[in-house]
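Proteins get letters first, then strands, A, B, ... in listed order; numbering begins at 1 in each.
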Amino acid sequence: MPEMPEVENMALGLRAVIVGKRIGEVRVVTRAMIRGPHRRQWRRFLGELAGRRIERVARRAKRLILVTEADLALVFQLGMTGKFLLPPGGAASQHKHTRLVMAFGDGTELHFVDMRRFGRLWCLRDLDADDPDAALEAAGMTPLGPEALRIRRQVFGEALRTQRPVKALLLDQTRIAGLGNIYADESLWAAGVHPARAAATLDGEQAGVLLRQIKNVLRRAIRAGGTTFSDFRNAYGDMGRFRRRLKVYQRHGEPCKRCGATIERLVVAGRGTHVCPRCQRL
DNA sequence: ATTTCATCCTGGAGGC
DNA sequence: TGCCTCCAGGATGAAA
């Protein structure tokens, strides 16, 4: 389940390898993943990529963006299991769940692999890589809130003015963009806030602590290479190292690392939620 | 308008 | 062993 730290690590890995490469052919294996205004003409759009160089690899929240010459852009929304692989054997090692193959002029290949097919690819033109939001919205993508690592305290406070559970707010990409289920649970534990608590009941100090912990958890997860549960790998196939640093996620039945109470699992905002009943009071 | 819920999809887990 | 059912989980669009 790639969240922002996983996508950031994918972007880092890809950037080092594919920026400057010239695209040869793009083969779409699963065309149902194609979105955007050029959906009907996807074959033509992908044909236009041929011969162009990759200029940038960018990230916006959980979306990974490849920008080519002439400002053509491929925006990947990775869903549950989407990932990129740079198979050393090229086409010979195509994976069962490969959905798209980008072949480069030098003979290497980039594979997009997505077992559960929740991943989407938006094809769009005229993307300003320094400020992609306008183009993303024009293409029909859901508008995103501020990046979780960049959101300012006051904006976060305004987002909290709702009776929804605070966890639902953290998962709402239109209010704060980048968190998913793992890092929402981890941030709430670090801040000592119960996920089911109505967001608006946090006072100013608690809101500040929560935001600091969100940024802290995300930064540490990025540095650790992300979290691997079943499926995440970076472009080289390596697993993330953050899993053993997790304090609550998927640790139900085990002791809290802060107080020793038994971690519980419940459902909040329709999602499996992990909480220390002693450290995180309602 | 705001919030919840079903849907998509597959592999793995658990029941019998 | 093997078949069956159930479930996770991000984003979306429909329903409440």
Tell me every residue that passes salt bridge (Lys or Arg N to Asp or Glu O under 4.0 Å) with [X], counting only those two or more places apart in sequence or in another chain.
X      : result
A:E147 : A:R59, A:R60
A:K257 : none
A:E158 : none
A:D203 : none

Inset, instruction - Report which part of the nucleic acid A:R265 touches: base, sugar-phosphate, or nothing (heavy-atom distance under 4.0 Å, all strands). - result: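 It contacts sugar-phosphate atoms only.
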
Show which side-chain atoms of residues 166-176 of chain A pair as donor or acceptor with protein atoms under 3.5 Å away, not counting sequence neighbours.
unit_1, atom_1, unit_2, atom_2, d
A:K167, NZ, A:N181, OD1, 2.6
A:K167, NZ, A:D185, OD1, 2.7
A:K167, NZ, A:G272, O, 3.2
A:K167, NZ, A:T273, OG1, 2.9
A:D172, OD1, A:T174, N, 2.9
A:D172, OD1, A:T174, OG1, 2.7
A:D172, OD2, A:R164, NH1, 3.0
A:Q173, OE1, A:G178, N, 2.9
A:Q173, NE2, A:L171, O, 3.2
A:Q173, NE2, A:L179, O, 2.8

Inset, instruction - Would you mind telling me which residue lines up with the more 5' stretch of DNA chain B, A:H97 or A:A168, judged by nearest nucleotide? - result: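 It is A:A168 whose nearest nucleotide is closer to the 5' end.
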
Legend entry - N or O in side chain of A:Y249 less than 4.0 angstrom from C:dA8 OP1/OP2: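 For A:Y249, the contact criterion (side-chain N or O under 4.0 Å from OP1 or OP2 of C:dA8) is not met.
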
How many whole angstroms separate atom [atom1] of [X] from atom [atom2] of [N]?
X      : N      : atom1 : atom2 : result
A:R117 : C:dA8  : CZ    : C1'   : 18 Å
A:M4   : C:dG10 : CE    : P     : 15 Å
A:R116 : C:dG10 : CZ    : P     : 11 Å
A:F118 : C:dC7  : CZ    : C1'   : 12 Å
A:L78  : C:dG9  : CG    : P     : 17 Å

Legend entry - Co-members of the apolar cluster containing A:V75 [side chain, <4.5 Å]: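 Besides A:V75, the hydrophobic cluster comprises A:I65, A:V67, A:W122, A:L124, A:L127, A:L136, A:M141, listed by chain and residue number.
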
Inset, instruction - Would you mind listing the cluster partners of A:V268? Hydrophobic ones only (ILVMFWY), side-chain contacts under 4.5 Å, chaining allowed. - result: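 Taking Ile, Leu, Val, Met, Phe, Trp and Tyr as members, A:V268 shares its hydrophobic cluster with A:L266, A:V275.
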
Legend entry - Selection residues 32-50 of chain A - residue pairs positive for salt bridge (Lys or Arg N to Asp or Glu O under 4.0 Å), sequence neighbours left out: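 Every pair satisfying salt bridge (Lys or Arg N to Asp or Glu O under 4.0 Å) with a residue in residues 32-50 of chain A: A:E48-A:R125.
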
Legend entry - Selection residues 212-222 of chain A - residue pairs positive for salt bridge (Lys or Arg N to Asp or Glu O under 4.0 Å), sequence neighbours left out: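 Matches after skipping sequence neighbours: none remain.
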
Inset, instruction - Sugar-phosphate means primed atoms, P, OP1 and OP2; the rest is base. With that split, encode nucleotides 11-16 of chain C 5' to 3' as B, S or - using protein heavy atoms under 4.0 Å. - result: BS----

Inset, instruction - Can you pull out how bent the helix from B:dT2-C:dA16 to B:dC16-C:dG2 is, comparing the axes over its first five and last five pairs, to 10°? - result: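 Here the helix ends are tilted 60° relative to one another.
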
Inset, instruction - Can you label the angle between the A:Y183 ring and the A:F242 ring as parallel, tilted or perpendicular, going by 30° and 60°? - result: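 Ring orientation of A:Y183 relative to A:F242: tilted.
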
Legend entry - 5' to 3' contact window, DNA chain B with chain A (heavy-atom distance under 4.0 Å):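 Terminal contacting nucleotides, 5' to 3': B:dT3 to B:dG11.
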
Legend entry - A:R31 CZ: over 12 foreign heavy atoms closer than 6.0 Å: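 Open: at most 12 neighbouring heavy atoms sit under 6.0 Å from CZ of A:R31.
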
